[in-house]
Structure formats: structure tokens, C-alpha cells
J.: 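Below is the structure I would like to discuss, written out as C-alpha cells.
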Amino acid sequence: MGAVAFTTYEKNPPKKMLRHVVLFKFKDSASPAQIKEVEDAFRQLPSKIKTIKDLEWGTNNSPEGLDQGFTHCFFVTFENEEGRATYLPHPDHKAFGKVLGPHLDKVLVVDYWVQK
């Protein structure tokens with residue numbers, strides 16, 4: 001038998017990470033400019049809230065038709081629950097909510113610990 005190859009993950013497993021997944025469904029009345037304002041405001045949060053370790057985001061392009069009108073996904077990473085606990089009531093997160101609020105129809109949030 002040949003040698004067994006190990007992936008980088010197996011040699012150096014990443015630290016435990018807490019993911020905060022946020023999905024937005026905007027009101028039909030929300031204009032493209034208003035939606036872009038929300039996108040830009042969310043993208044600025046990592047520079048304002050240091051407990052955010054990473055942020056990814058994008059818009060739905062699934063062909064399945066199961067999105068229930070949710071168009072935007074924001075994927076926020078924290079090192080621990082304390083980081084999330086700092087983020088949730090943070091004044092800059094609250095200010096973002098004021099930008100989002102008038103244009104939001106629905107939001108769905110799921111948090112989970114990364115498992116590999």
C-alpha cells in the first residue's frame with residue numbers, strides 16, 4: 001500500500017468558528033439604490049466591529065426556485081459566542097438595522113458552530 005496523504009485541514013484543523021448566516025427578503029418597493037445602500041452598510045461592519053473575523057456575502061442565483069423571495073445572504077464569522085454577543089447589541093450593528101429596516105420584508109438568521 002502507498003503512503004496516506006493528509007490534507008492541510010487534517011494536519012492543522014482550523015479553530016472552532018461560529019457562523020452567523022443572515023438572509024434578507026426586501027420589500028417590492030425597495031429600489032436597487034436602496035438595496036445597494038444596505039449591502040454597502042453591511043459590508044462596512046467588519047471595519048467597525050472587531051469581533052467579526054470574516055464576512056462573505058452574495059445574492060441568490062439558485063435555479064431551484066426554493067428561495068421564498070430571499071435574495072441576499074450575509075455569512076459572518078466569529079471566533080466565539082462572546083464575539084457574537086458583542087456584535088448583536090453593538091451601536092454600529094444597531095445603526096445598520098436602521099438603514100435596513102425601511103426596506104426589509106423578512107429576515108432569517110441561523111447561527112451554528114462549524115463542523116468538519
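The shown structure was predicted, so the numbers you read here are calculated from the model rather than taken from an experiment.
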J.: If you compare all heavy atoms of Lys48 against all heavy atoms of Asp92, which two are closest, and at what distance to 0.1 Å?
T.: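 Answer, listing the atom of Lys48 first, then Asp92: CB-OD2, 3.5 Å.
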J.: Ring centroids only, cut at 6.0 angstrom: are Tyr87 and His20 within range, meaning strictly under it?
T.: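 Yes.
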J.: Counting neighbours of CG on Asp28 that are heavy atoms of other residues, nucleotides or ligands and sit closer than 6.0 Å, is the number greater than 12?
T.: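 No, the 6.0 Å shell around CG holds no more than 12 heavy atoms from other groups.
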J.: What pair of heavy atoms forms the shortest contact from Asp54 to Glu56, and how long is it?
T.: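 For Asp54 versus Glu56, the nearest heavy atoms are OD2-OE2, 3.9 Å.
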J.: Does Leu100 share a hydrophobic cluster with Phe70, counting links as ILVMFWY side-chain heavy atoms below 4.5 Å and allowing steps through other members?
T.: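 As far as the 4.5 Å side-chain criterion goes, Phe70 and Leu100 are not connected within one cluster.
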J.: For Phe26 and His72, take the angle between the two ring planes, folded into 0 to 90°, and tell me which bin it lands in: parallel under 30, tilted 30 to 60, perpendicular over 60.
T.: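 Ring orientation, 0 to 90° scale: perpendicular.
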J.: Measure the spacing between CZ of Phe78 and CE of Met17 and express it to the nearest 0.5 Å.
T.: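 Answer rounded to 0.5 Å: 13.0 Å.
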J.: Could you tell me the separation between the NE2 atom of His93 and the CZ atom of Arg84, rounded to the nearest 0.5 Å?
T.: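 So the gap between those two atoms works out to 12.0 Å.
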J.: Do Leu66 and Val110 share a hydrophobic cluster (ILVMFWY, side-chain heavy atoms under 4.5 Å, transitive)?
T.: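 No, Leu66 does not connect to Val110 through the hydrophobic network.
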J.: Please find the pair of heavy atoms, one from Pro89 and one from Thr86, that lie closest to each other, and give the distance.
T.: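 It is CD-O, 3.5 Å.
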J.: Work out which heavy atom in Leu55 is nearest to a heavy atom in Arg43; give both atom names and the distance.
T.: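 Of all heavy-atom pairs spanning Leu55 and Arg43, the closest is CD2-CA, 3.7 Å.
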J.: Report, as yes or no, whether the 6.0 Å neighbourhood of atom NZ on Lys106 holds more than 12 heavy atoms from other residues, nucleotides or ligands.
T.: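 12 or below, so no.
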J.: Testing the basics here: between Phe74 and Glu39, what is the closest heavy-atom pair and its distance to 0.1 Å?
T.: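 Result for this residue pair: CZ-CA, 4.2 Å.
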J.: Using the test side-chain contact (heavy atoms from CB on, under 4.5 Å), find all partners of Gln34 that sit at least two apart in sequence or belong to another chain.
T.: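 Partners of Gln34 by the side-chain contact (heavy atoms from CB on, under 4.5 Å) criterion, ordered by chain and then number, come out as Ala30, Ser31, His103.
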J.: Minimum heavy-atom separation for Val76 and Ile52, please, with both atom names.
T.: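 Heavy atoms of Val76 and Ile52 come nearest at CG1-CG2, 3.8 Å.
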J.: Could you walk me through whether Glu37 and Val99 satisfy the side chain to side chain contact (heavy atoms under 4.5 Å, CB included) test, starting with their C-alpha distance in whole Å, then the side-chain angles of each, then the deciding distance to 0.1 Å, before giving a yes or no?
T.: CA-CA 8 Å; Glu37 180 184 15; Val99 172; 3.8 Å; yes
J.: Within the 4.5 Å heavy-atom criterion, are Thr59 and Trp57 side-chain neighbours or not?
T.: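 The answer is yes, as the side chains (C-beta and beyond) meet within the 4.5 Å cut-off.
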J.: Val107, Leu45: one ILVMFWY side-chain cluster at the under-4.5 Å cut-off?
T.: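 In one cluster with Val107: Leu45, yes.
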J.: If you round to the nearest 0.5 Å, how far is NZ of Lys27 from CG of Leu104?
T.: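 Spacing of CG (Leu104) from NZ (Lys27) equals 7.5 Å.
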J.: Is there a path from Val114 to Val109 through hydrophobic residues (I, L, V, M, F, W, Y) whose side chains come within less than 4.5 Å of each other?
T.: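 No.
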J.: Atom OG1 in Thr77, atom NZ in Lys53: separation rounded to 0.5 Å?
T.: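 One gets 11.0 Å once the value is rounded to the nearest 0.5 Å.
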J.: Out of curiosity, Leu108 CG to Phe24 CZ, how far, rounded to the nearest 0.5 Å?
T.: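 Here the rounded value is 10.5 Å.
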J.: Which value, rounded to the nearest 0.5 Å, describes the distance between Asn60 atom CG and Gln68 atom CD?
T.: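 CD of Gln68 is found 11.0 Å from CG of Asn60.
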J.: In terms of ring plane angle, is the pair Phe42 and Phe96 parallel, tilted or perpendicular, where the classes change at 30° and 60°?
T.: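 Phe42 and Phe96: perpendicular rings.
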